[in-house]
Colleague: 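Would you mind keeping the following structure in view while I ask a few things?
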Amino acid sequence: MFTLFKKERVQLGQKQVEIPKLTRARLKKLTEHIGTIGDFLVKLFLTPENERAVFIVAAADIAIDEIYELTSLLSDLPIEYLDEHASIAECTEFLRLTWERNDINAALGNVSGLIPPMAQQFVQSILRRMEQAKE
């Protein structure tokens with residue numbers, strides 16, 4: 001039988017980098033860093049709609065920085081190296097393959113099954129209030 005080819009390495013600049021397994025230690029680093037993305041999204045949703053375009057343009061630079069910082073964090077390559085040698089396409093491919101290798105969608109589904117129903121209801125009520133506030 002043929003085995004499905006899964007890409008296990010990716011080119012970042014002139015270096016071949018292995019697609020990492022997200023261990024507990026890496027996940028801790030990742031979640032510490034991702035807090036800044038969450039802050040950005042909250043600010044975006046709280047920004048009045050007529051001011052969002054300016055906010056989004058300003059945030060594009062931040063988003064690019066986040067992509068390179070996450071790539072550095074997960075690849076163990078210095079951010080300075082990535083800034084000079086890796087393209088945005090290489091970095092986004094690396095992040096996408098990391099997401100797929102670690103089957104994050106399934107993991108998130110499993111985690112949501114662990115959240116008690118009361119907590120789910122609480123989160124859903126907050127989301128409903130946020131939607132109502134936008135109207």
Colleague: If I compare all heavy atoms of L82 with all of S75, which pair ends up nearest, and what's the gap?
Modeller: CD1-OG, 4.4 Å
Colleague: Strictly by salt bridge (Lys or Arg N to Asp or Glu O under 4.0 Å), give each pair with a member in residues 73-87 just once, sequence neighbours left out.
Modeller: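 Checked against salt bridge (Lys or Arg N to Asp or Glu O under 4.0 Å) - neighbours excluded - the pairs reaching residues 73-87 are R26-D76.
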Colleague: Tell me the closest heavy-atom pair linking S72 and P78, and the distance in Å.
Modeller: OG-C, 3.8 Å
Colleague: Nearest 0.5 angstrom please: Q16 CD to Q14 CD, how far?
Modeller: 11.0 Å
Colleague: Using the side-chain contact (heavy atoms from CB on, under 4.5 Å) rule, take T98 and F94 through it: C-alpha gap first, then chi angles, then the decisive distance, then the call.
Modeller: CA-CA 6 Å; T98 300; F94 172 80; 3.9 Å; yes
Colleague: Go through E93 and K7 one step at a time and tell me if the side-chain contact (heavy atoms from CB on, under 4.5 Å) criterion holds.
Modeller: CA-CA 11 Å; E93 178 186 27; K7 198 168 184 180; 2.9 Å; yes
Colleague: So, taking the atom named OG in S87 and the one named CD in Q11, what distance separates them when rounded to the nearest 0.5 Å?
Modeller: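 Interatomic distance, S87 OG to Q11 CD, rounded to 0.5 Å: 10.0 Å.
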Colleague: Can you see which heavy atom on I19 is nearest to which on R101, and at what distance?
Modeller: O-NH1, 2.6 Å
Colleague: Return the CG to CG distance between L77 and L12, rounded to the nearest 0.5 Å.
Modeller: 6.0 Å
Colleague: Who passes side chain to side chain contact (heavy atoms under 4.5 Å, CB included) against I88, sequence neighbours left out?
Modeller: I64, I67, Y68, T92
Colleague: List the steps and the verdict of side-chain contact (heavy atoms from CB on, under 4.5 Å) for K21 and N102.
Modeller: CA-CA 6 Å; K21 179 178 182 178; N102 290 277; 4.1 Å; yes
Colleague: I need the L70 CG to K29 NZ distance, nearest 0.5 Å.
Modeller: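 It is 12.5 Å, given to the nearest 0.5 Å.
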Colleague: Looking at every heavy atom in both E90 and H85, which two are closest together, and how far apart are they?
Modeller: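 Closest pair (atom of E90, atom of H85, distance): OE1-O, 3.9 Å.
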